[in-house]
Number of protein chains: 2
Amino acid sequence: MVELSRKQRELEQRTNEILRVARPILISEGFQGLSMDRVASQMEYAKGTIYNHFPNKEEIVLALAVESMELRRKLFERASGIGGTARIRMMGLGAACEFFTHHCTDDFVLEQWVRNQGIWDKSTEQRQNLIRQCEGRCMELVSGIVRDALMEHALELPDGLTAEELVFGFWAINYGSQILTHTSPSLPALGINNPANAIRIHCCTLLNGFRWQPLMDYATYSNEMAVLMETLTPMFWSIKNEQ
Amino acid sequence: MVELSRKQRELEQRTNEILRVARPILISEGFQGLSMDRVASQMEYAKGTIYNHFPNKEEIVLALAVESMELRRKLFERASGIGGTARIRMMGLGAACEFFTHHCTDDFVLEQWVRNQGIWDKSTEQRQNLIRQCEGRCMELVSGIVRDALMEHALELPDGLTAEELVFGFWAINYGSQILTHTSPSLPALGINNPANAIRIHCCTLLNGFRWQPLMDYATYSNEMAVLMETLTPMFWSIKNEQ
DNA sequence: GTCAATTATTGACGCTGCGTCAGAAAAGTC
DNA sequence: GACTTTTCTGACGCAGCGTCAATAATTGAC
């Protein structure tokens, strides 16, 4: 039993090693660049052994994406625990998005693989559920803050907009800007020199536009965001230290 | 010369036929599903002949993406010509985005291929320029409206935000929501039942938040958007009729 | 109308990479 | 130490990319 469980642990360990080998390849050379033969030879195992851990290449990719989504979730969990008004906590989650994209750029890129149809379709139900769960948890954390604001009467929803749909708007603008920033050939050539700051201004405008109290001018918003980014740094490292 | 030009035209015609064959395959089966052998056999030409028209698979994909981007550009050109205040014209471009995603869903999906690193890197400088040009023109059309609003004193930019960065925010929220809607496993399960309407509310909130005159309540905004969507329909068909 | 030069087409070929599976090796059991 | 079970292996079949030498069609000079 001890023996068996040791073996068990060794196998699990290897699953992890495969991911450690695959990750940099996927990041630097994309899906095409990642090959099972290459992973196998780099691990000094036969290809068949790799296939004992993952049924196909797509599952490796999705496993890496899940790791990255989990990292985001943990950051969100911590960020949502920051004290202050609901509005400050909402901004904290915006800061977490920004933090994640800037300091965990590889994870941000890896995460995107779950949006690839071909990869999604080849993956197991089990892993798909893991992804949905993680996404759901992140949504809960943010919509929870919106609900807090509603309870405290710091915010009132417009007719026909749910708390989740309010979150969706912030999700869309943050996600959209980050994808555009990462993949648009050259935003500066289009006149967009500081996309991150532009999105901060948009988010502040949105929050004020929904009359989410306390209202803030841009300077105050910007200062608060700077503080929040600082607050997130140690949180991030403590997550990293628990592996 | 007439003879030569006839040949020339035949070749160009075939380039187009290749795209017509490749398009539905790419749409329904993705990049992996699209194979040069398959295109060749479906065209009843040898593979080598296909390679006389496109140096690799990626270029076919990007050529299709460019077609779709051009369609969007044309729609934007028409939409930006709609009469009314700058604010209404700005909303017209929002409506054009919505229209494009809902009525040209395949084109919306094809467009995304330009954001794929692996594909972008394999494509020719020439086609990359075509893409940048098209993107730049779309930006110009929208930022032109912002500048009109500034001239008419219907809008004032916050400190540190350029006209293009204002556009960027709307680009991000529209683009982000459309990608999320298309690729998120199940938004309804997250409580997002009407993403399109949610984004309309967010855009109205943003415009009002920036104090873009004339301010509108959500009901008015919604009505105006419905009118704009109607206005776009014949414009779209006239574009389609010029092929 | 002929024919050499040019241009276009073909498909077999080399190569890479996925996923499989029968057999070899190692670990576990009694 | 003889067996069963588990794990590992790498050659194999297959598919798809991009090439290129050989072949066919077209052109235009005379």
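Order of the sequence lines fixes the chain letters, A, B, ..., with proteins taken first and strands second; residue numbering starts at 1 for each chain. Nothing here was measured: the structure is a model prediction, and the numbers come from that model.
Relative orientation of the B:His103 and B:Phe99 rings is parallel, given thresholds of 30° and 60° on the angle between their planes. In this structure, A:Phe31 and A:Trp113 have tilted ring planes: the angle between them lies in the 30° to 60° band.
Rounded to whole Å, the distance from CG on A:Leu11 to P on C:dA26 is 16 Å. Rounded to a whole Å, the CG atom of B:Asn56 is 17 Å from the C1' atom of C:dC15. Rounded to whole angstrom, the span from the CD atom of A:Glu59 across to the P atom of C:dC18 amounts to 15 Å. Across the protein-nucleic acid pair, B:Glu10 atom CD and D:dT27 atom P stand 9 Å apart, rounded to whole Å. Rounding to whole angstrom units, NZ of residue B:Lys57 and P of D:dT19 are separated by 15 Å. Rounded to an integer number of Å, the gap from A:Glu58 CD to C:dG17 P is 15 Å.
When each of A:Lys122 and B:Arg14 is assigned the nucleotide of DNA chain C with its nearest heavy atom, B:Arg14 is the one assigned upstream, toward the 5' end.
A:Arg14 forms a cation-pi arrangement with A:Tyr45, by the criterion of a distance under 6.0 Å to the ring centre and an angle within 45° of the ring axis.
Of the residues B:Asn56, B:Val114, B:Leu62, the one that meets the side chain to side chain contact (heavy atoms under 4.5 Å, CB included) test with B:Ile119 is B:Leu62.
Among pairs with a residue in residues 114-129 of chain B, those fulfilling salt bridge (charged side-chain N to carboxylate O under 4.0 Å, His left out) read B:Glu58-B:Lys122, B:Glu59-B:Arg127, B:Arg115-B:Glu135, at least two apart in sequence or across chains. Every pair passing salt bridge (charged side-chain N to carboxylate O under 4.0 Å, His left out) that includes a residue from residues 31-45 of chain B is listed here, sequence neighbours excluded: B:Glu29-B:Arg38, B:Asp37-B:Lys47.
Taken residue by residue, residues 26-55 of chain B places heavy atoms nearer than 4.0 Å to DNA chain C at B:Tyr45, B:Ala46, B:Gly48, B:Thr49, B:Asn52.
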